[in-house]
Amino acid sequence: KGGIDVSKDVDFPRWYQQVLTRSDMLEYYDVSGCYIVRPLAYFVWQQIQEFFDAGIRSLGVKNCYFPMFVSSKVLEREKDHIEGFAPEVAWVTRAGSTELAEPIAIRPTSETVMYPYFAKWIRSHRDLPLKINQWCSVVRWEFKNPQPFLRTREFLWQEGHCAYMTEKEAMVEVYDVLTLYRRIYEELLAVPVIEGEKSSKEKFAGGVATTTVEGFIAATGRGIQGATSHYLGQNFSKMFNIVVQDPEDSGADRPKLHVHQTSWGLSTRTIGVMVMTHGDDQGLVMPPRVAETQVIIIPCGLTAKHSDEDRRAVSDACLNVEARLRAVGVRAESDLRELYTPGQKFNHWEVRGVPLRVEIGPKDLEKNSVLTARRDTFAKAPMSLDGLESSVQLMLLTIQNDMLAKARKTFDERVKIVLDWSEFVPVLNSKCLALIPWCEREVCEDQIKTRSSRDSLGDEPEDEKAPSMGAKSLCLPSKQPTNPPIVHGETKCIQCGENAKRYALFGRSY
Ligand SMILES: O=C1CCCN[C@@H]1CCCn1cnc2cc(F)c(F)cc2c1=O
Ligand SMILES: [Mg+2]
């Protein structure tokens, strides 16, 4: 298979499928909504795991593992937590030809699996704080059209679940984890995100407050939820009776205090966002931090007139450069395959997104230099073999920073402050997000969704399976615009005219 034969801005869904399959990141599978995560993509997930595990370890969180099966009586323990989600729950009803007495659910998330045991393990304030995380897969039988990595029926994620004595401690952790999520996107995946809070309509119904990092897919102009960190308050501890005796009160029948909880999750959706953000018409573009192969070394400039010792000299030089780079921790590979021309090798590694190519030929050896080619900008530059290690390391760092800067510039350009409703849908139609002075009322959010959908589609009904044309609130950004400022009591919500509280980021989304 060659490169990509469809342009990213001509047929984005087909482009995305080709990039993923022709870069060997992913393989389609015969169960709808399920995909095979191949080694190149799994390497990215492992880099994310290593970074996040180190981050949560420093927060005192420990990894563990709970069963994937949830009994129906436990899963349905709390109606309002599960009600809207029931259609997504997958059930095991028989083993072989034997019907199960009670159907068993496959976890869509693990609150109801874990929290009965939190109640058992947490008796005294000395058992607090309890901070655990698990890396696992979850199953949600979504009906919307599946999208590799972005919306799949099974996905890999981590889910953290913590219990504290006080709201204050819990809230500190909610934001500490949100920072780790932002750093995963920005420092590993070179993807800019906007931190903020979810609206009452968009937050996790079982919690008190949801914080989020929101991404942006420029190709479609849609926002995408990147990861979430919730403050659950005492909702679940009241539901599951997770209580401790008040340490301040030494009385006999000391009052029971419900613990304050958090939960937070990030999934393999991260990989899809990275591919969509950086990919181009030659294929995948990998940020060096998560690239399995950071540097590919290719022998060039050898023609029929060159002798065997010329060839050997070039091959040895490639292997020597590879060894020097590996010695300083750069993930370098030489491609000495005989049956492929340099051009075919260039395509092979370009579609796989290798950040930096090093070309070595007889002329280069004479000049004690090599030729480098960046995958992100295609810029070519000679590089001396003297001090090669630090030059390559600097080049990889520059690529990483430039990829983030370029994506952030695009994101910033596509966020428009909208102060009049008449501009709202035109801004969406120009593949942008709208930052609007907003009242934060749920009924107003419903109206915005309805009006923006109708203004986009006329009166024809929406296709339930396709991404909606209506706008939803993505978040209330932590960084609020100051120009123009929102003057409380004066600035009005652009949709309903009520007093605006904060700027809210609205847009079509995944
Ligand atoms: O978002 C997170 C972070 C990790 C731990 N869980 C929270 C809330 C998950 C919200 N959620 C999300 N999706 C669900 C799908 C279901 F089928 C279902 F039964 C329940 C849920 C559900 O509770
Ligand atoms: Mg969902």
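Each ligand, and each atom within it, is numbered from 1 in the order the structure gives.
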Query raised in the report: Using heavy atoms and a threshold below 4.0 Å, how should the contact between I82 and ligand 1 be classified: side chain, backbone, both, or neither?
Result: side chain
Near [X], which atoms of ligand 1 are under 4.0 Å from a heavy atom of that residue?
{"X": "G265", "value": "3 (C), 4 (C)"}
{"X": "P108", "value": "15 (C), 16 (C), 17 (F), 18 (C), 19 (F)"}
{"X": "H161", "value": "5 (C)"}
{"X": "T228", "value": "1 (O)"}

Report task. Give me the one residue out of Y65, W157, W45 that meets ring-ring contact (aromatic ring centres under 6.0 Å, His included) with W135. Result -> W45
Report task. Could you label the plane-to-plane angle of the F118 and Y115 rings as parallel, tilted or perpendicular, counting under 30° as parallel and over 60° as perpendicular? Result -> tilted
Query raised in the report: How are the rings of W121 and Y117 set relative to one another: parallel (under 30°), tilted (30 to 60°) or perpendicular (over 60°)?
Result: tilted
Nearest protein heavy atom to [atom], by residue and atom, and its distance?
{"atom": "atom 13 (N) of ligand 1", "value": "R140 CZ, 3.2 Å"}
{"atom": "atom 23 (O) of ligand 1", "value": "H81 NE2, 3.0 Å"}
{"atom": "atom 18 (C) of ligand 1", "value": "F85 CB, 3.2 Å"}
{"atom": "atom 9 (C) of ligand 1", "value": "T109 OG1, 3.9 Å"}
{"atom": "atom 5 (C) of ligand 1", "value": "E111 OE2, 3.2 Å"}

Query - P148 versus Y28, closest heavy-atom pair with distance - result: CG-OH, 3.4 Å
Query raised in the report: Is the shortest heavy-atom distance from the side chain of V259 to the side chain of F236 under 4.5 Å?
Result: no
Query raised in the report: Does CD belonging to E464 count more than 12 external heavy atoms closer than 6.0 Å?
Result: no
**Report entry** Contact check, W157 vs ligand 1, heavy-atom distance below 4.0 Å
**Finding:** yes
Query raised in the report: With distance as the sole criterion, is a donor-acceptor pair present between the side chains of Y510 and T220 under 3.5 Å?
Result: yes
**Report entry** Carboxylate-amine/guanidinium proximity below 4.0 Å for E413 and K409
**Finding:** yes
Query raised in the report: Can you find an N/O atom of H230 closer than 3.5 Å to an N/O atom of ligand 1?
Result: yes
